[in-house]
Amino acid sequence: MKRILIINGPNLNMLGRRDKKHYGNLTLKEINSLIKNGNRDLKFKFVQSNYEGKIVTIIQKSLNKFDAIVINPGAFTHTSVAIHDALEMFKGPIIEVHLSDVDNREDYRKINYIRPLSTKVFSAKFENSYLEAINYLKNI
Ligand code: DQA
């Protein structure tokens with residue numbers, strides 16, 4: 001059974017109250033339920049944090065415990081060398097997920113410290129970005 005770590009960064013705990021045009025209608029809890037209920041053959045750990053250091057520590061502790069990481073780093077996508085450096089030690093696939101069309105928004109979102117490490121990117125499809133990411137992992 002594949003073990004998948006799903007990490008969500010800052011403000012993703014506020015889904016449902018964020019701009020629906022970019023992030024859709026669902027809460028993070030609803031998205032996580034969709035993932036879990038649609039993929040009973042996989043084992044998930046769901047983590048959300050607003051703190052960069054906490055995400056770094058989670059990645060460090062997960063290095064040998066998971067087959068893949070699915071990460072939506074939120075705003076840390078555009079700022080965090082630390083998360084990049086932690087992810088660099090992970091040997092399995094790293095799937096970068098965004099609800100919004102992150103590559104076609106404000107210029108400051110075009111800087112992306114995670115992208116050089118991303119095995120694959122799923123974005124612009126709200127919760128379906130996550131579901132497509134899991135589907136991709138199932139088939140590799
Ligand atoms: C996001 C895009 C980021 O630019 C933003 O800071 C987020 C969410 C997304 O899922 O589209 O918080 O990662």
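Order of appearance sets the numbers: ligands from 1, and atoms from 1 within every ligand. Just so it is clear, the values below take in all heavy atoms, side chains as well, and ignore hydrogens, waters and symmetry mates.
- A salt bridge links D67 to R3: at least one charged side-chain nitrogen sits closer than 4.0 Å to a carboxylate oxygen.
- Partners of N50 by side-chain hydrogen bond (donor to acceptor under 3.5 Å, both in side chains), not counting sequence neighbours, listed by chain and number: Q48.
- Within 4.0 Å of ligand 1, counting heavy atoms only, the contacting residues are R18, Y23, N72, G74, A75, H78, H98, L99, S100, V102, R109.
- Between L15 and R18, the shortest heavy-atom contact is CD2-CD, 4.3 Å.
- For the pair K125 and D101, the salt-bridge criterion is not met [side-chain N within less than 4.0 Å of a carboxylate O].
- Nearest approach of S100 to S123, heavy atoms of both residues: O-CB, 3.5 Å.
- When all heavy atoms are compared, the tightest approach of H84 to Y113 is CD2-O, 2.9 Å.
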